[in-house]
2 protein chains.
Amino acid sequence: MAPKPKRKVTNLLALAVLSYLVREPMHPYELSRALRDNGDARSVKFNHGSLYMVVGQLAKAGLITEAGTSRDGGRPERTVYELTDAGRTELRNWMRDLIGHPEHEYPHFVAALSLIGVLPPDEVVELLGQRRVRLDALKAEARAAIESAGEVHPLFLVEEEYRLALLDAESRFIEGFVDRIVDPVDGWGPAWAAFHTERRRT
Amino acid sequence: MAPKPKRKVTNLLALAVLSYLVREPMHPYELSRALRDNGDARSVKFNHGSLYMVVGQLAKAGLITEAGTSRDGGRPERTVYELTDAGRTELRNWMRDLIGHPEHEYPHFVAALSLIGVLPPDEVVELLGQRRVRLDALKAEARAAIESAGEVHPLFLVEEEYRLALLDAESRFIEGFVDRIVDPVDGWGPAWAAFHTERRRT
DNA sequence: TCTATCATGTAACCAGTTACATGATTTT
DNA sequence: AAAATCATGTAACTGGTTACATGATAGA
């Protein structure tokens, strides 16, 4: 059994930080700016507080080090960090791992589906309808992200393409699910409704 | 702007707990058992410690209450919990929300894709090949979960069907991605490789 | 009977989020 | 020059995970 290479830092925000520092040293605020401006915040959960935490963790783990401080006008001093060699290899290994090895994850919708029986079928059908229109909105967002990027190489937008593909698949899945519920000849609706009212205690 | 109905408990494990308690009162260990045995652990991140935590939170939030204690042989006493009315409505509202409103989530693979440029294209192609193989394994797992369930109504396996649909979509997306990289006439490979070696500092 | 595993719970630790703090600019 | 917003960071809190603890049963 291959012994899992335990990472010292697991927050994916750290991965993004490493990927910026591989190009040039920066201070946290600059990182913050870069992450927001390049739309990475759509792919990696970002928040101001976590960034400082993650930078601290990376430093403690020896993946980055202080490369001095800079001052700009009357602003407070800012610590500039740079990647260490360990950081460079960690970046590569981590990326390899993420790309090569899909993980079992726990999206919210999966959890809800696994408990779907607690709602009555007619309500579920209606809710699934709502979901599909919102999914369309999310698709529009992804497309907008792609459009608004302008001239950058499409390589840098694959994650949005991927999102689109998944949103699309989800939408089609829901369509099929609804069909199976409402099918007039052998739809699940009646059995489900019966089971639902029978089992509920109220 | 509709004021988000802030939940007191957000861990989805709590949702699963509510969904069991709606049927009958149980003590935590029983819940633990039920969650594992019914395969809910595949859909909701589960671990022993978190369960007790979540039960505590639910109790503090008034969504469940102690319904007494039970003793079985020489075993320690176990506190049995039951749903309150608040708990019942919370369960329904939460489910409605999850089904009706898709959330922007942050799967690991999306993060990796958004930073894919840090790896050279030939390596990425190979890794994507590996990933597809493992995706097939995950699909097999989902199918196995479906098969092994035997005679239960397919409604209770819909989350595995959903999983399958997404895994499939991901696999097809990767196929297309690889094609765009390696296409001999206008593939991204060469430009990517050039850009990659140019920009790296080593 | 000794050991391993199950049953059940608690406590210590760590990661992540929210809230706060403060000086610098910009706007009115 | 007052108010608002930006720039930058820290600290307190809370949620979640891991590790530990302990008695009970079952297998060797």
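First the proteins, then the strands, lettered A, B, ... as listed; each starts at 1.
- Between A/Arg33 and D/dA7, a side-chain N or O to OP1/OP2 separation shorter than 4.0 Å is present.
- Between D/dG16 and B/Asn11, a contact under 4.0 Å exists linking OP1 or OP2 to a side-chain N or O.
- At whole-Å resolution of the value, CD in A/Glu30 and P in D/dC6 are 19 Å apart.
- One interatomic measurement links the two molecules: CE of B/Met53 to C1' of C/dT8, which rounds to 17 Å at whole-angstrom precision.
- By the side chain to side chain donor-acceptor pair (under 3.5 Å) test, B/Arg36 is found to be paired with no residue, residues two or more places apart in sequence or in another chain being considered.
- The aromatic rings of A/Phe156 and B/Phe195 lie perpendicular to each other, with more than 60° between the two planes, well past the 30° mark.
- Regarding B/Leu58, its CG atom lies at a distance of 16 Å from the C1' atom of D/dT14, rounded to whole Å.
- DNA chain C lies under 4.0 Å from at least one heavy atom of each of the following residues of residues 43-52 of chain B: B/His48, B/Tyr52.
- Take A/Arg172 and apply the salt bridge (Lys or Arg N to Asp or Glu O under 4.0 Å) test, not counting sequence neighbours, and it matches A/Asp168.
- What separates OH of A/Tyr29 from P of D/dC6 is a distance of 8 Å, to the nearest Å.
- Close to D/dG16, at under 4.0 Å from its OP1 or OP2, lies a side-chain N or O of B/Gln57.
- Not counting sequence neighbours, the partners of A/Glu170 by the salt bridge (Lys or Arg N to Asp or Glu O under 4.0 Å) test are A/Arg131.
- A straight line from OH of B/Tyr106 to C1' of C/dG16 spans 14 Å, rounded to a whole angstrom.
- To the nearest angstrom, P of D/dG9 lies 8 Å from NE2 of A/His27.
- If you take CE of A/Met26 and C1' of D/dT8, they are 17 Å apart, rounded to a whole angstrom.
- Distance, B/Lys60 NZ to D/dG15 C1': 11 Å, rounded to whole Å.
- Remark: B/Tyr81 pairs with no residue by the ring pair (Phe, Tyr, Trp, His ring centres under 6.0 Å) rule, at least two apart or across chains.
- The aromatic rings of B/Tyr162 and A/Phe109 stand perpendicular to each other, their planes meeting at an angle above 60°, with 30° marking the opposite boundary.
- Residues passing the side chain to side chain donor-acceptor pair (under 3.5 Å) test with B/Glu159, sequence neighbours excluded: none.
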